[in-house]
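Take a look at the structure set out below.
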Amino acid sequence: MKVYVLEKGVILSGNSWEIIQKLKQLQHKYVYINDWIADIHDQQATSPLKRIK
């Protein structure tokens with residue numbers, strides 16, 4: 001599965017069950033996808049070499 005984080009969105013690429021599983025993991029930490037994107041951008045601002053899995 002691949003996750004592409006864009007400036008105003010994300011692209012999840014993979015099998016449907018992988019995408020559903022990833023979204024279920026994220027729902028425990030974030031209420032909205034927008035919160036997740038903002039958190040990723042904050043992490044990248046502090047550590048530009050960190051990769052997102």
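Values below: every heavy atom of this structure, side chains too, minus hydrogens, waters and symmetry copies.
For the atom pair OH (Tyr30) and CD1 (Ile37), the distance works out to 11.0 Å, reported to the nearest 0.5 Å. For the atom pair Leu26 CG and Asp35 CG, the distance stands at 11.0 Å (nearest 0.5 Å). Here Asp39 contributes atom CG and Lys29 contributes atom NZ; the two are 5.0 Å apart, rounded to the nearest 0.5 Å.
For the pair Trp36/Val10, a side-chain contact is recorded, criterion being any heavy-atom separation below 4.5 Å from C-beta on.
Its side chain within the 4.5 Å cluster rule, Leu6 clusters with Tyr4, Ile11 among the Ile, Leu, Val, Met, Phe, Trp and Tyr residues.
Qualifying side chain to side chain contact (heavy atoms under 4.5 Å, CB included) partners for Glu18, counting only residues two or more places apart in sequence or in other chains: Met1, Asn15. The side chain to side chain contact (heavy atoms under 4.5 Å, CB included) test applied to Ile20 returns Lys24, not counting sequence neighbours.
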